[in-house]
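I have placed the structure first, in the form of structure tokens, so that the comments after it can refer back to it.
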2 protein chains.
Amino acid sequence: MPNITLKDVAKVAGVSYATVSRALSGSSEIGEDTRKRIQKICEEMGYTPNSIARSMVMKRTNIIGLIVASIDNPFMSELTTNIEIYARQKGYNLMVCNSSYDTGLEKEVFSLLKGRQVDGIIILPASNESYDMLKPIMSDIPTVFISENMQDLPESYVAVDNRQGTGLAVEYLHSLGHSKILYFGCRHGSITHQLRLEGYQSACMRLGITPNVLYSPYQRSSLEVGYRLGKEYFSGQHEDTALICASDTLAIGAVQAGYEAGISFPEDLSIVGFDNISFSSLPPINLTTIDQPKQKMAESAVNLLLSRITDPEASHSREILPASLIVRGSCRPLSVQNPN
Amino acid sequence: MPNITLKDVAKVAGVSYATVSRALSGSSEIGEDTRKRIQKICEEMGYTPNSIARSMVMKRTNIIGLIVASIDNPFMSELTTNIEIYARQKGYNLMVCNSSYDTGLEKEVFSLLKGRQVDGIIILPASNESYDMLKPIMSDIPTVFISENMQDLPESYVAVDNRQGTGLAVEYLHSLGHSKILYFGCRHGSITHQLRLEGYQSACMRLGITPNVLYSPYQRSSLEVGYRLGKEYFSGQHEDTALICASDTLAIGAVQAGYEAGISFPEDLSIVGFDNISFSSLPPINLTTIDQPKQKMAESAVNLLLSRITDPEASHSREILPASLIVRGSCRPLSVQNPN
DNA sequence: GATTTGAACGGAAACGTTTTCGTAAACCGT
DNA sequence: ACGGTTTACGAAAACGTTTCCGTTCAAATC
């Protein structure tokens, strides 16, 4: 009933427990025959090494802390899945915490994870104030930010090229003949959304399009924001032929508001989202959108973190991954009446 | 640079490290004045206790292992979020692993978590073979199953009342005047789906409705299954007025197939899903469905596990939580032509 | 054949806590 | 003032590993 330890195995095998440790760790300081014998005994006794004790002496837990704003956000859960799978493949387990978009809580769980002696932390920040909050306590533990562009801050991060992303969207719509392209954005205080807006604006400039932005003062869920922005827009004058939304959920909310106002997509209005969450591909939605390469982001983040763990003194590195356009059914060429 | 330990604090405070430990643990064996003094010193030195070392001696990690088939499944991610939040509230952290619906991998991560000395494991099983696979290795660690009904197996689990759930759906449709109610199911090998089917069938019997079931031989994603079942059904004769799907994603897939066949919902066909994933409430979908009480399930699972941790010898307990009907816009009364 | 070398293994320290036990001083009642 | 109880604290063991340092013994070297 009491768990089997190295000592128990050593006693049965008639060797010191140093030898058992060597037999299992793949050390060269041991005879091939005794290694085989000890391994067999371990099998028979059902011995599993205690990683806590190992961590104690090795000063490494092989655990990565992951802090996300909300696990059940579709984008974040996809990211989380990819991170977990890749990390495990690299020999690390994941300790996951929700910050619930609360920077106070975020700081709290950050300390908690530090106390847990995780080797490093990947964080999808709750807001753009996260950095300032975390700064004083993140000095002595490898940390990489994910999904949020930290600009010139002296930190490691991996993010998608948000500016290029919305640029792609504008270019695509322009190539379909659209010139009146509205943008739905949300404040959110995040640099990510700032960059997406800038990408939209500069692409418009480049292509001779007059930017037209509708910002949200609301702070609630992105879905609701899209719905309310849509309500507001569709109730007044509207002559745009296309709409770019700062996120897929924003787009889906806007679509609903459009439905209720008698607007059809893409017949009356073309729409493109951002993120490419899995639900956007669902038939009833079928949203043309800008993809964030979630798997690559996950792997880059883990790799970045691992390299910081092995060499904490290395200079910070940033990885900005390219966004790509996913064409589905929510946009139509302006000159043609019915697509497909 | 080397982390601050109890000893360092003790040296500064001029006391033994036992005293420091007592000062922080809220022990009564210490003077109020020295406690204050030591706590202040800890603050100043930025001391954070090493939970690894604590776990070592306490033989408790305050970590719960969570194994889910796929974190990015909407239902599971909602469950995961709720589990994490509630567990942390109870002083536990979560170590999360994906089984990717692979019972082999599931067993592997189960052992891995055991080696990590987690205090207990919550598992959302990959298939109905999970139990047999896990049985030999789960004897010495508290485990509770979630979301999957383990029937009379000698294990602790919490699940929704699947039978009652589909029963509710049938009753609701019946109350709207429907009598030709089709059921879309998927094999999946899971007891959950078996129970949902049974609930449908027995409610039909009770209400004098002839059950009509379409099963899927496909094994892929639920969304695709729904789509293919729909394709198959709508291409032939179809005279049903309502459709119950074994899951929301199944329903959404079916809806798409319906669209493509020129069917409108709910005008031509009423449809009810199961699970109440958050996306079902999205306007373009707006699916009437059967809710699984995810938060309650999460909390029950944690509570069950915690009680098993404190008393591993206690007999197993099962919790079957009631399902409830969420009425949205995907069903209409049969006698009326246009709802709303 | 004596010395060196190297392999194979044992002994023991170390990791940072918690907790038991011991002990000195302070306190109490009589 | 004295024995006894309580209070506050120190010393040290324990948790299960890894690893450094010795030690032994056989093989290799001269």
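To find a chain, count down the sequence lines: A is the first, B the second, and so on, and within it residues start at 1. A quick note: this is a predicted structure, and the numbers were derived from the prediction, not measured.
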Distance col, row A:F145:CZ vs A:L153:CG, nearest 0.5 angstrom, shows 7.5 Å
inquiry  = With no hydrogens and no angle check, just 3.5 Å: does a side-chain donor-acceptor pair link A:S16 and A:T19?
reply    = yes
Rounded to whole Å, the NZ-C1' distance (A:K36 to C:dA8) equals 17 Å
Whole-Å distance, A:N62 CG to D:dT18 P, equals 12 Å
message = Apply side-chain hydrogen bond (donor to acceptor under 3.5 Å, both in side chains) to residues B:N93 and B:R88 and explain how you reach the verdict.
response = CA-CA 6 Å; B:N93 280 105; B:R88 179 148 39 85; over 6 Å; no
Taken to the nearest whole Å, NZ/B:K11 to C1'/D:dG10 is 15 Å
Rounded to whole Å, CZ of A:R60 lies from P of D:dT18 at a distance of 14 Å
So the salt bridge (charged side-chain N to carboxylate O under 4.0 Å, His left out) pairs with at least one residue in residues 96-111 of chain A (sequence neighbours excluded) are none
As a check of understanding: the bend across the helix from C:dG1-D:dC30 to C:dT30-D:dA1, end axes from five pairs, rounded to 10 degrees, works out to 40°
Sequence neighbours excluded, the answer for side chain to side chain contact (heavy atoms under 4.5 Å, CB included) partners of A:E299 is A:Y86, A:Q295
Base, sugar-phosphate, or nothing: which does A:T34 touch, judged by heavy atoms less than 4.0 Å apart? sugar-phosphate
Discussion item. What I want to check is whether the side chains of A:Y47 and A:D8 have a donor and an acceptor closer together than 3.5 Å.
Written reply: no
The complete set of side chain to side chain donor-acceptor pair (under 3.5 Å) pairs with one or both residues in residues 52-66 of chain A, sequence neighbours excluded, reads A:R60-A:Y92, A:T61-A:D119
Each nucleotide of nucleotides 14-24 of chain C classed B (base within 4.0 Å of a protein heavy atom), S (only sugar-phosphate) or -, in 5' to 3' order, makes -BBBBBB----
Residues passing the side chain to side chain contact (heavy atoms under 4.5 Å, CB included) test with A:E44, sequence neighbours excluded, are A:K40
